[in-house]
Participant: 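The following block contains the structure, expressed as structure tokens.
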There are 4 protein chains.
Amino acid sequence: MPDPVWHKGRHDTDERIMRYLAGDDVVLDRVLFPYDLRASAAHVGGLARIGLLTQEEAAALTQSLDDLAQAFDDGDFVLDDSYEDGHSAIEDWLTRTLGDAGRKVHTGRSRNDQVLVATRLYLRDALDTMASRCRESAAVCLERADAHKGVPMPGYTHLQRAVVSSVGAWFAGIGEAFIDNAALALSTRDWIDANPLGTAAGFGVNLPLDRAYTTRELGFSRMQVSATYAQNSRGKFELQALTALTQALMDVRRLAWDLSLFMTAEYRFVTLPDRYTTGSSIMPNKRNPDLVELMRAACAQPQGAIAELQTVLALPGGYHRDLQATKEPVVRALTRGIATLDLVPALLADIAFDEARLAESIDASMYATDRAMELAAQNVPFREAYRQVAAELDRLGDRDPAASIAERVSPGGMGNLCLDALRERLTSL
Amino acid sequence: MPDPVWHKGRHDTDERIMRYLAGDDVVLDRVLFPYDLRASAAHVGGLARIGLLTQEEAAALTQSLDDLAQAFDDGDFVLDDSYEDGHSAIEDWLTRTLGDAGRKVHTGRSRNDQVLVATRLYLRDALDTMASRCRESAAVCLERADAHKGVPMPGYTHLQRAVVSSVGAWFAGIGEAFIDNAALALSTRDWIDANPLGTAAGFGVNLPLDRAYTTRELGFSRMQVSATYAQNSRGKFELQALTALTQALMDVRRLAWDLSLFMTAEYRFVTLPDRYTTGSSIMPNKRNPDLVELMRAACAQPQGAIAELQTVLALPGGYHRDLQATKEPVVRALTRGIATLDLVPALLADIAFDEARLAESIDASMYATDRAMELAAQNVPFREAYRQVAAELDRLGDRDPAASIAERVSPGGMGNLCLDALRERLTSL
Amino acid sequence: MPDPVWHKGRHDTDERIMRYLAGDDVVLDRVLFPYDLRASAAHVGGLARIGLLTQEEAAALTQSLDDLAQAFDDGDFVLDDSYEDGHSAIEDWLTRTLGDAGRKVHTGRSRNDQVLVATRLYLRDALDTMASRCRESAAVCLERADAHKGVPMPGYTHLQRAVVSSVGAWFAGIGEAFIDNAALALSTRDWIDANPLGTAAGFGVNLPLDRAYTTRELGFSRMQVSATYAQNSRGKFELQALTALTQALMDVRRLAWDLSLFMTAEYRFVTLPDRYTTGSSIMPNKRNPDLVELMRAACAQPQGAIAELQTVLALPGGYHRDLQATKEPVVRALTRGIATLDLVPALLADIAFDEARLAESIDASMYATDRAMELAAQNVPFREAYRQVAAELDRLGDRDPAASIAERVSPGGMGNLCLDALRERLTSL
Amino acid sequence: MPDPVWHKGRHDTDERIMRYLAGDDVVLDRVLFPYDLRASAAHVGGLARIGLLTQEEAAALTQSLDDLAQAFDDGDFVLDDSYEDGHSAIEDWLTRTLGDAGRKVHTGRSRNDQVLVATRLYLRDALDTMASRCRESAAVCLERADAHKGVPMPGYTHLQRAVVSSVGAWFAGIGEAFIDNAALALSTRDWIDANPLGTAAGFGVNLPLDRAYTTRELGFSRMQVSATYAQNSRGKFELQALTALTQALMDVRRLAWDLSLFMTAEYRFVTLPDRYTTGSSIMPNKRNPDLVELMRAACAQPQGAIAELQTVLALPGGYHRDLQATKEPVVRALTRGIATLDLVPALLADIAFDEARLAESIDASMYATDRAMELAAQNVPFREAYRQVAAELDRLGDRDPAASIAERVSPGGMGNLCLDALRERLTSL
């Protein structure tokens, strides 16, 4: 993040324009670089198959791209602002190492389809990672749901104590949410899993590119057919990946909100290991749940990125440079969002509930619904049962919370969490 | 839409609070009412299966719900603000017609799971409709792509004339977008196709509700298992339906943008039948593409609704009344958004391209990329070919646009639209 | 809100297009109608001043507009969908009552500047109302801050108990927020207080319209000069009014959040009169803070409307029909948002704090910061004082919360709320 | 921007948590650092005035802060991730250079009010810069409006040719927009110009801090009184600064849109110097208006940042760590947004209009409204005049565009741009 630009009067217009056009492109391209290299290798293979590269040229190019990937990985090659962007860095490297053959890697493709394919591979990887983290989180939840299914805790609606619930039910609810989030990440992955490489600037080229080959080689499940659409889909697929991320992070927000409440002096339901909390700069008495709070805020970034993309994408058909402005919010939000999801499985495993405190917090009125249902089962119309119980709330005090849980036998209810069904769905994803 | 509330000083606080709590709920419930009735019938069937209703009671309730559905459909029953909401209207009807048996329909369910299941059925229906409209739009596009695949038109990037394209390619690109939009609507439909009925207020009930039966009866592909999660998913599934809608409407926006440009005096590529245009109140010379412009704006509504929901959903676990505020943006955006999608297939069919004007608009420089590729195919490194052609732009004027299209043989390119592949994918959805 | 459009196959394209073009325009115009009438009367006066209407015509038109305003107010004239919109309803009324003279009211103006001026007057009114409600809310807060300035309550950061605070400080903080919100509404009002009437469709007209007269007559503080800009400002001023509303409603959200927590069984700091709470449909034991929760959600609507407008406004210069899509979100969000602000002053007055419960909730560690500051005042470097106190937290128990408040003498601190300064600023707005 | 976190399995939880908590804080603090130093110096002065620092200590601290500011400015002090954030870097520097006296700078303040005051100063500066750039842009526009007021160009509504307009009118419209934007930036500046320093963690301190002194010293026009409100205003003032930026950038978007159209082969109204355009990687024939397109996209970033903040701010009262997540979107959007505004005055000055091409593009029908108004001025009811002209559109061809402009005498119309009034308002800001 540079100093405020407005403090600098020394640049002339041309320099400022150049800087403005470049933006942070090359820095962002560090994330896309490995994908760009991989797609470039596939393109080389495709050109060889239609005779536009000799086998020797193709082998040399492939080797050189591998070398660059290795050098980048090892930190020996640094993608910095001496390059305009990652694409020109690749061309520069190939030309330096291979001369004219290096220049041929651009035959039949444009920077536009190069960006498209690298971004597509990156999104696919990110969605796979999201799905994995969501699955891991779900697995922890289902395990803990099983372990704590008999531990009573107050169940809330409107933040008001409502009926007896259980720690296990709390975990099961989060678990099923993460199963859905994993399923969404995977179906989004399938939806975007289409190869745009070979569409050039949106009109195709007068070369018989072997797109079926590059599609297979890059592991895509299908070709994105229309060259026109390939360009027009810039941002469209990114939006959907951000939406899948937002959904998962909104459940992280709810989880973090619950923990934030459960850790107050007023609730005291939950403690977390010290590494999750920090002190205050002015108040010596404080241990603050900073991590949980930052995780609560984490869905803001993909939501902001979605808003940003939606504004950028208000365009007619065809490529426009505006579309470059989609890159930064996408990379930023996915990087930070996945860093959040990375922390969730351990957090879920580390939550310690205070069972005694939970038990204390269950008051007699929380059996009212149970009692009304019992009356209903005895054929009292529910509306009447409701009125009857409302008048005898204080006579419910000798009930047992464990029994209240056990009797809630409707499928998915506190006494019948159906964890097997959830485990089965998780495994089937 | 009422008069500005601030003009009215005459209400006391209690009346204003009642009005504020009610909002437009009952009006919105007109859309959800048929789904609420259907789910109520399934609930009645389920109660009968576990012996909480006799067969006679169940039959009477089912009949009465059918009668109400019919009366509502015929306009004989009007859901107006004499009712608090649709749910109480149903209870009121059943109690009036059946007495005590009517009151029993609420056994084992809460208003919360009633709202959840009605909304779920509504969303599923809306997503099916979106998918249908997208499929129809795609079908029109593929047909017209085939018919016009040889008609040259300028291809643009940055709104600058770039290379020769074709009317067919323009349609094919839109067609593939709508195939993807249909696929997204369908996978979203599958993702939300889970039955929340039987989860009560988020904790289940102490009755052995037959949720497997209501799941089948309502045509859901699975049960939403966890009662806790059922509550916490309020808004989550709505968001995803709005996202699927937004994606389709963003492609409508691009289409409308193109048409808006193509209908200017500067382009003159396209005309639309008179019913799509209107006059001006002050300028006698104008025919304005109002419909196309409103369709261009249509994605704003689901985008606004998404932003609205995201704000509402910033909550801890459990039901909160805030969640009622998700209903209005969802119903509003889906209603208006689908009205937009309804118009797209006919619009696509009605666009008339002016082939002579299109041909006129192709200038010699638009063959430059073709020429550079030819040189590349003759083994001139692309970067050199590029420089060579840039120096001879004026010598490209005797080329033929149809040939330029025909030679663009890369799959998905102008000369090889691969419409069969697209048709096959459309059919397979 | 109509039934889902997709259930209706019976309309032909033309009818559907007409319905789509109309949208809910005429219903929304009910809100703008009085402003449109007022601006029309000013326009009539202006035309008379430049001789385009005789004094008799002008008098007749003015009278007829007054009659219509009265009829509308009395409910004798209903603006329904027999009219295309409010503007055509006015023209229709004038022509029916006055014949040819009625038709002359459109001389020198277009529907566009008619919409602009009516909307501007409406926004100005709405901002005035927002400012009033914010001022009233601030006044209640400052009064209650004074009354409760010595009542200790726990002060929180991170929802963790931090230092001793006071009920008065809680009210003072909300009070100053509403002073700022009132100031913002007023400066926004001033910013938009510019007359667009007389700019026609964005190019002016070949008539010497007396815009200075209509500016004065409509109480605008300045003319919006450029006819081009008048068109291009459609939506721009609306956005700023929505932002002012959002700011106020975000403070309502924080207030509602605090109350929602303070009313839980865990905090029990606050009670509200029964009219603010409701029961549950399934749980006989519940009293739920529904109103507070709906008020917490209220900022979602203008935030959604802002997102909606931002998308619509992605346009080149000049009027486009897309801009019609700005009307609905603006009217909807302002109407509902002001209905929320209407409830705030009474709510603030009705909050009852439980002083005993507040006192109970203050534990010894909450004096740690006080103690560290005392050491710092005795010249112990603060970082050392901090460490020293952290080691002796349990020895702070005999301190007095009232003293802790009284000693917090920094201006704006708990012991020095500077209410006079706040009152003075409130009065000066 | 780091590599995707998900590629790294090697970190243990604690390291990942530490990294997650830190985020990019220290990098973002580079922008806030000079403001933090300035506020720290004011705090030192304030402590000396109440005897908590000796004059010698205060002088030494002030000198050391000055030295650090100088070292930072010269690049001799680098704020990198060896520091937790800018605040700890300052404390570290002071302690290293001054020992115990260095530690005293934290007396009576918390990191929270340090962040608040630094951010406030930064926002104030940013708003001043926005206002300056908007004023400069307006000044260029008014000058060019004057120079080109007689140059005819087509006036558009719905992108359809409507009536004769002028290049001067186009500039005047943009000019008045930027005057409004400057006014908004300034009133926003005034609104946020309140000193939060001295409010500690939201409860004040038990020291008689001289907040009036620091308010004067830092050039604030008033004190933000309530300590509680100071914390709760985090993000609130940032939102308003982002809104002011968005408004200016939305006018940049409209301007960029117009230029983007005017530079097409279809319009050919405008050319820009080469430094504003770039070539294509695949199409040798292209000069693309990349800069204009990136400027068109620029409002997306503050809009995204607003959405991001709105989500973060959904919190109860008091500080929460979530609020740290407001920093990045604000710094990012203001930095990039002001870089955009920096380019606007030169861009406006550099636009060259092709007068011949503009003249060619005016067709006979564009006089229709003029003619209808003339008839209206001769007392033909406008609705009749309209119909009459619609029937004789082809007979309008011998009219003169310059006359059409000149006759449009309504104030702000094409023939009466009222530039003096606009200049006067600009000067008065």
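Chain naming here is simple, since letters A, B, ... match the order of the sequence lines and numbering starts at 1 in each.
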Participant: With side-chain hydrogen bond (donor to acceptor under 3.5 Å, both in side chains) as the test, would you mind laying out the steps for C:Thr278 and C:Asp290 before giving the verdict?
Facilitator: CA-CA 6 Å; C:Thr278 60; C:Asp290 289 64; 2.4 Å; yes

Participant: Answer with yes or no whether the side chains of C:Glu266 and A:Tyr156 bring together a donor and an acceptor at under 3.5 Å.
Facilitator: yes

Participant: Heavy-atom cut-off 4.5 Å, strictly under: side chain, backbone, both or neither for A:Ala307 against chain C?
Facilitator: neither

Participant: In terms of heavy-atom pairs under 4.5 Å, which option from C:Ala162, C:Ala265, C:Ala314 contacts chain A the most?
Facilitator: C:Ala162

Participant: Given a strict heavy-atom distance threshold of 4.5 Å, which part of A:Glu293 is in contact with chain C: side chain, backbone, both, or neither?
Facilitator: side chain

Participant: Tell me, for A:Leu393 versus chain C, whether the close heavy atoms (under 4.5 Å) come from the side chain, the backbone, both or neither.
Facilitator: side chain

Participant: Kindly determine whether C:Ser404 and C:Asp370 satisfy side-chain hydrogen bond (donor to acceptor under 3.5 Å, both in side chains), including the steps that lead there.
Facilitator: CA-CA 7 Å; C:Ser404 172; C:Asp370 291 347; 2.5 Å; yes

Participant: Mind checking ring-ring contact (aromatic ring centres under 6.0 Å, His included) for A:Phe262 and listing every partner two or more places apart, or none if nothing turns up?
Facilitator: A:Trp170, A:Phe269

Participant: Looking at C:Gln388, I want to see if its CD is surrounded by more than 12 non-hydrogen atoms of other residues, nucleotides or ligands under 6.0 Å.
Facilitator: yes

Participant: With a 4.5 Å cut-off on heavy-atom pairs, point out which of C:Ala385, C:Ser365, C:Ser260, C:Ala390 contacts chain A the most.
Facilitator: C:Ser365

Participant: Applying side-chain contact (heavy atoms from CB on, under 4.5 Å) between A:Pro302 and each of A:Thr243, A:Thr246, A:Thr340, report the one that passes.
Facilitator: A:Thr246

Participant: Examine whether an atom of A:Tyr367 lies under 4.5 Å from a heavy atom of chain C, and if so say whether it belongs to the side chain, the backbone or both; otherwise answer neither.
Facilitator: neither

Participant: If you tally heavy-atom pairs under 4.5 Å against chain A, which of C:Thr157, C:Leu396, C:Thr311 wins?
Facilitator: C:Thr157

Participant: So which residue, A:Thr264, A:Asn288, A:Leu315, ends up with the most heavy-atom pairs under 4.5 Å with chain C?
Facilitator: A:Asn288

